[in-house]
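The structure under discussion appears below in the form of structure tokens.
Everything quoted here is computed from the prediction, not taken from an experiment. Every chain is numbered from 1, with letters handed out A, B, ... down the list of sequences.
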Protein chains: 4
Amino acid sequence: MTEAALNSYTSDDTKQADEGKPQEVGGVTGQRLRAFLERIERLEEEKSALAEDIKEVFGEAKAHGFDVKTMRKVIRLRKLDADKRQEEEALLETYMAAIGMV
Amino acid sequence: MTEAALNSYTSDDTKQADEGKPQEVGGVTGQRLRAFLERIERLEEEKSALAEDIKEVFGEAKAHGFDVKTMRKVIRLRKLDADKRQEEEALLETYMAAIGMV
Amino acid sequence: MTEAALNSYTSDDTKQADEGKPQEVGGVTGQRLRAFLERIERLEEEKSALAEDIKEVFGEAKAHGFDVKTMRKVIRLRKLDADKRQEEEALLETYMAAIGMV
Amino acid sequence: MTEAALNSYTSDDTKQADEGKPQEVGGVTGQRLRAFLERIERLEEEKSALAEDIKEVFGEAKAHGFDVKTMRKVIRLRKLDADKRQEEEALLETYMAAIGMV
DNA sequence: GAATGGTCCCATAGGC
DNA sequence: GCCTATGGGACCATTC
């Protein structure tokens, strides 16, 4: 995405910048906000790309004759395992904290 | 669904231990399936990590006094904008291809 | 909640009913819709009541010196257990279906 | 947090087996905790069941050609209305109490 | 008021 | 091609 596209909805500030004058409107705060927005948008693009990748891998597996639905079930189950383990540890920590073992 | 697929979650390692021979059960197919599962799980972990990052950035922005809900709105609008722009460009290319402008 | 309250947003039909004439506007369809809405609202009231009950039990437990946070953790963990078991069974069924054991 | 609370998830049954004596560890307190947990879990099951029921009713309505999304909107509006009415009644009662009208 | 967990709603994707 | 099912996101309530 181009910088221009990013500016499309906050264009007032940009226009001023284009005219070679420091931002009197919005100013530093606007700069900071824009920086946050762009960081987030960048991360979301990466996230979407990963989602694409995942879909592709499923497609590949399917092309090799594997059943996607079952694969999803297996993955979900493995995730439950991991979550359970994590939850157990969290509970243990809570207990230890409760009896003063920091 | 293949027999190998069905065996995927009862690990090859175990079977090997039982029979003392590498990959008699499931074999190459099981290996392939596992590879797919692991690739997917890896990608999903990365995706989750990015989701975490995004949350953190929002948190940071909030700490600087920005309203997260409004930020989300802005991002949504900008995304629509970007999608629209992309759509238009795609259409333009279609037209240009149609009239032989490569 | 009174019947009048339930009718507050679909009052047109009701008004006609009040005037001793069968519903020409909306008619049977409106009746059916209202019946659905009322069933749902009834169920949601019951659900809210249960949420209240749960809060009360936590309160009671707290009054007996139990730590609510830890209790929640334990409950969550037990739920994960249950989910995992259920998921395992679902996976097994998928497998059996896959090999034609209906 | 009490010691009994900490023992709640490692069941009394096991301890009993180990020591051959009923309820020496955890004891009455553990019993009480377990009772609380079970009451809560029972209530949560009922709550989930109701959520299921609600989904089913929506499904039924959909099968009759109603638009679920719109139905949700209507229900939300009617709820707001009900809340408002209740609020007003509460205020009225407060006033009446204030002027001694029991 | 900050953070966390829970619930609800929507949008997308896969199956029939 | 609909339609159900599932995952993700937003919102809200509650706790510390």
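A straight line from CD1 of D:Ile75 to P of E:dT7 spans 19 Å, rounded to a whole angstrom. Spacing between atom CD of C:Gln86 and atom C1' of F:dT6 amounts to 15 Å, rounded to whole angstrom units. Computed from coordinates, the A:Met71 CE to E:dG15 P distance equals 13 Å when rounded to whole Å. The nearest whole Å value for the distance from the NZ atom in D:Lys79 to the C1' atom in F:dC11 is 15 Å. In this structure, the CZ atom of B:Phe58 is 14 Å from the C1' atom of F:dG8, given to the nearest Å. In this structure, the CG atom of A:Asp67 is 7 Å from the P atom of E:dG15, given to the nearest Å. D:Leu43 places its CG atom 17 Å from the C1' atom of E:dG6, with the value rounded to the nearest Å. Rounded to whole Å, atom P of E:dG6 lies 12 Å from atom CD1 of C:Ile54.
Of the candidates F:dG8, E:dC8, F:dT4, F:dG8 carries the atom nearest the B:Lys47 side chain, counting heavy atoms from C-beta on. Side-chain atoms of D:Lys69 lie closest to E:dC10 of the nucleotides F:dT14, E:dC10, E:dG6. In this structure, the nucleotide among E:dG5, F:dT15, F:dA10 sitting nearest to the side chain of C:Arg76 is E:dG5. The side chain of D:Arg72 has E:dC9 as its nearest neighbour among E:dA13, E:dC9, F:dA10. Here the nucleotide nearest the side chain of D:Lys62, chosen from E:dG15, F:dT4, E:dG14, is F:dT4.
Because its NZ or CZ atom is not both nearer than 6.0 Å to the ring centre of B:Phe66 and within 45° of the ring axis, A:Arg32 does not count as a cation-pi partner of that residue. The cationic atom of A:Arg72 (NZ for Lys, CZ for Arg) lies less than 6.0 Å from the six-membered ring centre of A:Phe58 and within 45° of the ring axis.
Residue D:Lys55 places no side-chain N or O under 4.0 Å from the OP1 or OP2 atom of F:dT4.
Remark: D:Arg42 does not engage D:Glu38 in a salt bridge, criterion side-chain N to carboxylate O under 4.0 Å. With respect to the salt-bridge test (charged N to carboxylate O, under 4.0 angstrom), the residues D:Glu41 and C:Lys79 do not qualify. Using a 4.0 Å cut-off between a side-chain N of Lys or Arg and a carboxylate O of Asp or Glu, A:Lys47 and B:Glu46 do not qualify as a salt bridge.
Comparing B:Glu44 and C:Val68, the nucleotide of DNA chain F nearest to each residue sits closer to the 5' end for B:Glu44. Residue-to-nucleotide proximity on DNA chain E shows that, of D:Ala51 and C:Lys73, the 5′-proximal contact is made by C:Lys73.
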